[in-house]
Amino acid sequence: MKSVIEEIKKNRAYINYMRMWPYVKPIWFRALLSMLICIPIGSLDAVIALALKPYMDLVMVEKNLYSPWYIPLGIVAFTSIQGVLKYLSSYLSTWVGMKITNGLKFDLYKKLLTLPTSFYDKRNSGDIVFQFNNMADSACSGLLSNLSIFIQRIFSSISLVAVLFYNSWQLALIAIFVLGCAFAPVAKLQKLIKEVMEKTVVADASIITAYNETYAGNKTIISYNLENTEINKFDWILKNIFKLRIKMVQKTQWLSPFMHVIVSIGIAAAIGYGSHLILTEQITAGNFVSFITALILLYTPVKNIGNNLNAVQMSFFAIEQIFEKLAIIPSIRNKENAKILSPDYSKITFKNVNFEYVPKRPVLKNINLEIKKGETIALVGNSGGGKTTIVNLLPRFYDVVSGNIYIDDVDIRDYTLESLRSNISVVFQDNFLFSGTIKENILFGKLNATEDEIQNAVKMAYLDEFLITLKDGINTQIGERGILLSGGQKQRVAIARAFIKNAPIVILDEATSALDNKSEAIVQKAIDNLMKDKTVFVIAHRLSTIQNADRIAVINEGSLVELGNHEELMKIPNGKYKTLYEMQFKKQSVKS
């Protein structure tokens with residue numbers, strides 16, 4: 001008995017339905033009702049076949065002109081009831097399906113927000129959208145529709161088989177034997193199509209990526225005349241999907257014609273043997289017509305099973321993919337009994353910090369650095385040397401491979417993520433703005449900010465003069481990713497957002513490098529306001545902007561090679577900083 005139970009639990013369908021139960025449980029009554037309605041829907045299929053026996057015997061055989069009038073009316077009545085029940089089943093299935101889909105999407109989205117930056121580094125936008133959104137639609141629509149069809153057909157088959165045995169047990173045995181032969185190859189299809197299905201998911205995701213890239217990179221495509229390149233790439237994607245779809249058809253659609261052949265054999269055998277039973281008066285003509293009608297109603301869905309198999313398999317595959325995603329344990333997460341980081345700290349320490357994005361390809365090598373509260377430290381050096389990586393480790397966008405980062409002698413991994421990140425404001429080179437208004441984007445820094453705090457942030461970010469020129473002022477819609485704002489305006493909105501957050505630690509990652517001189521001058525004033533009384537990490541391409549930093553750390557090829565203020569570093573003969581500074585000074589002299 002135990003082995004039987006274990007085998008059931010290993011069954012794919014059992015596992016999938018058990019995984020879905022937490023999402024069904026809150027709406028179990030409607031879900032159950034939608035399934036229970038399928039029982040009479042399926043059972044009523046037998047009414048027509050059963051009614052034909054007395055009708056055929058009385059009218060066609062006995063030529064009785066006074067045949068029961070209620071038989072055809074009964075068929076209409078039962079069919080009408082079946083139609084109403086089908087509508088109710090469809091409505092409830094859709095309602096339940098949408099509730100379950102929304103539940104899955106909500107949990108998938110919550111999971112997505114817990115995943116570290118490294119997760120996004122390895123995937124494109126199409127993969128994310130398809131696996132965290134479209135899969136939920138595929139899982140639920142396929143699961144419920146096919147479950148409803150399955151229940152309808154189960155009870156339809158039971159009622160129709162009862163009609164078969166009622167009319168002729170001999171013919172019924174033939175029909176059931178043929179039915180068993182028809183279902184024999186179905187079990188083998190699962191393994192045949194799984195690999196193709198996985199490739200199809202990847203291909204479908206690549207279409208979404210193509211659209212996202214075209215939207216986000218339309219100016220680059222136009223300016224570099226990449227239209228034909230993108231067209232060719234999209235054409236390749238479509239051809240790849242076409243090949244996969246055809247391969248899926250090749251692996252599955254032979255089943256339907258195979259079923260047609262098997263079913264036709266069953267019907268032929270029933271007609272042949274049924275003729276013998278009629279001639280030997282073992283059954284009546286009414287029995288035979290009723291039997292054949294029930295047999296056709298039983299076999300018809302079987303013939304088309306190949307058409308439904310893809311949807312069923314896709315549903316199971318989608319469920320497996322969804323729960324694989326939900327089972328992901330984020331590599332960056334809170335420890336048990338994690339501490340709360342207080343804004344009142346004294347120092348930040350990088351001790352023997354090593355980091356690599358790709359195994360055995362170090363980006364940071366044995367970084368040792370101590371920053372006191374209120375100090376401004378600038379990170380400079382060659383492009384790709386690891387400057388941005390250093391500041392990305394502080395809010396735990398990534399975790400160190402070895403070594404430690406301490407705040408007041410406590411490893412940052414021992415603080416809660418929420419308290420750690422609430423104490424850090426980041427202004428990037430290309431700040432992300434959300435669709436909505438300027439005010440909404442500023443408030444992301446502090447959702448419960450007062451009107452005075454908002455106005456102060458606007459003033460300190462030098463946004464007030466710009467907002468006066470707008471019809472709707474701070475309530476102006478800025479479009480997706482702030483597309484309606486200039487680079488300098490975006491930066492000032494981001495600075496206002498950071499300012500209203502009022503975090504004690506500020507990270508400025510090349511915050512002015514993409515701006516023209518005029519915009520840079522305004523943004524730099526806003527940054528100066530933001531930096532007051534804060535611990536500041538500055539990454540700057542223009543060395544002239546960081547001369548007043550308390551200390552400057554020179555990062556070269558992942559190592560800290562020089563550390564000191566501007567005057568100290570300029571005194572180092574053939575120093576890295578001195579070389580970089582003089583090269584920039586010469587370039588500026590040539591331009592002027």
Side-chain angles (χ1 to χ4, degrees), residues 113 340-346 348 371 373-376 391 394-397 407 415-512 515 519-538 545:
L113 293 176
I340 304 296
L341 174 60
S342 168
D344 188 22
Y345 68 94
S346 60
I348 300 169
I371 305 97
K373 184 177 183 180
E375 184 178 10
T376 296
V391 296
L394 189 57
R396 294 188 68 192
F397 295 159
I407 298 181
Y415 290 116
T416 64
L417 286 169
E418 184 178 4
S419 68
L420 174 67
R421 292 168 180 171
S422 67
N423 280 282
I424 302 172
S425 292
V426 186
V427 181
F428 301 98
Q429 178 181 350
D430 182 19
N431 286 281
F432 186 90
L433 299 183
F434 297 85
S435 59
T437 65
I438 294 173
K439 182 177 181 179
E440 287 168 345
N441 272 275
I442 294 173
L443 282 173
F444 283 127
K446 185 180 179 182
L447 295 175
N448 60 348
T450 64
E451 193 61 35
D452 286 342
E453 288 176 317
I454 296 170
Q455 292 304 320
N456 187 44
V458 166
K459 182 179 179 181
M460 299 304 284
Y462 288 88
L463 267 174
D464 45 354
E465 292 182 7
F466 162 62
L467 294 180
I468 292 172
T469 65
L470 301 175
K471 178 184 175 183
D472 296 321
I474 198 170
N475 294 310
T476 299
Q477 294 284 335
I478 60 174
E480 189 171 345
R481 301 182 70 173
I483 195 169
L484 300 180
L485 301 181
S486 69
Q489 291 160 357
K490 284 183 184 179
Q491 290 300 82
R492 280 180 276 165
V493 172
I495 290 167
R497 183 165 64 193
F499 195 95
I500 206 169
K501 185 177 182 180
N502 196 29
I505 302 169
V506 174
I507 295 173
L508 303 170
D509 187 359
E510 306 244 25
T512 63
L515 306 178
S519 297
E520 182 185 1
I522 298 173
V523 171
Q524 189 60 53
K525 289 180 182 179
I527 287 174
D528 291 340
N529 288 334
L530 178 64
M531 292 169 61
K532 289 177 181 177
D533 303 319
K534 303 287 194 302
T535 303
V536 184
F537 292 79
V538 182
T545 63

**Request:** Would you check, one step at a time, whether the test side-chain contact (heavy atoms from CB on, under 4.5 Å) holds for Ile442 with Ile474?
**Result:** CA-CA 9 Å; Ile442 294 173; Ile474 198 170; 4.2 Å; yes

**Request:** Could you please spell out the steps behind the side-chain contact (heavy atoms from CB on, under 4.5 Å) verdict for Val391 and Phe397?
**Result:** CA-CA 9 Å; Val391 296; Phe397 295 159; over 6 Å; no

**Request:** Quick one: do Leu341 and Ile407 satisfy side-chain contact (heavy atoms from CB on, under 4.5 Å)? Show the steps, please.
**Result:** CA-CA 8 Å; Leu341 174 60; Ile407 298 181; 3.7 Å; yes

**Asked** Step by step, would you call Tyr415 with Asn423 a side-chain contact (heavy atoms from CB on, under 4.5 Å)?
**Response** CA-CA 11 Å; Tyr415 290 116; Asn423 280 282; over 6 Å; no

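With sequence neighbours left out, the side chain to side chain donor-acceptor pair (under 3.5 Å) criterion links Glu465 to no other residue. Residues satisfying the side chain to side chain donor-acceptor pair (under 3.5 Å) criterion with Asn502, sequence neighbours excluded, are Lys534. Residues that satisfy the side chain to side chain donor-acceptor pair (under 3.5 Å) test with Arg421, not counting sequence neighbours, are absent from this structure. Residues forming a ring-ring contact (aromatic ring centres under 6.0 Å, His included) with Phe434 (at least two apart in sequence, or on another chain): Phe432, Phe444. Applying the side chain to side chain donor-acceptor pair (under 3.5 Å) test to Ser342 and every residue at least two apart in sequence or in another chain returns nothing.
A donor-acceptor contact shorter than 3.5 Å is absent between the side chain of Gln477 and the backbone of Ile438. Lys373 contributes a side-chain N or O that, together with a main-chain N or O of Pro343, makes up a donor-acceptor pair within less than 3.5 Å.
Nearest approach of Ile424 to Leu420, heavy atoms of both residues: CG1-O, 3.5 Å. Taking every heavy atom of both residues into account, Gln491 and Phe428 meet most closely at NE2-O, 3.1 Å.
For the atom pair OG (Ser422) and CD1 (Ile505), the distance works out to 9.5 Å, reported to the nearest 0.5 Å. We find the OG1-CG distance between Thr535 and Leu394 to be 10.0 Å, quoted to the nearest 0.5 Å. Within the model, atoms CD1 of Ile478 and CD of Glu440 stand 9.0 Å from one another, a figure rounded to the nearest 0.5 Å. The CG atom of Leu433 sits 10.5 Å away from the CD atom of Gln489 when rounded to the nearest 0.5 Å. Atom CZ of residue Phe537 and atom CE of residue Met531 lie 12.0 Å apart, to the nearest 0.5 angstrom. Atom CG of Leu508 sits about 5.5 Å away from atom CD1 of Ile527, to the nearest 0.5 Å.
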Only distances under 3.5 Å count here; give the side-chain donor-acceptor pairs of residues 445-463 to other protein atoms, sequence neighbours excluded, each with its distance to 0.1 Å.
from: Lys446; atom 1: NZ; to: Glu453; atom 2: OE1; distance (Å): 3.4
from: Lys446; atom 1: NZ; to: Glu453; atom 2: OE2; distance (Å): 2.7
from: Thr450; atom 1: OG1; to: Glu453; atom 2: N; distance (Å): 3.2
from: Thr450; atom 1: OG1; to: Glu453; atom 2: OE1; distance (Å): 3.4
from: Glu451; atom 1: OE2; to: Gln455; atom 2: NE2; distance (Å): 3.2
from: Glu453; atom 1: OE1; to: Thr450; atom 2: N; distance (Å): 2.8

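With contacts defined as side-chain heavy-atom distances shorter than 4.5 Å, the pair Ser425/Leu530 does not qualify.
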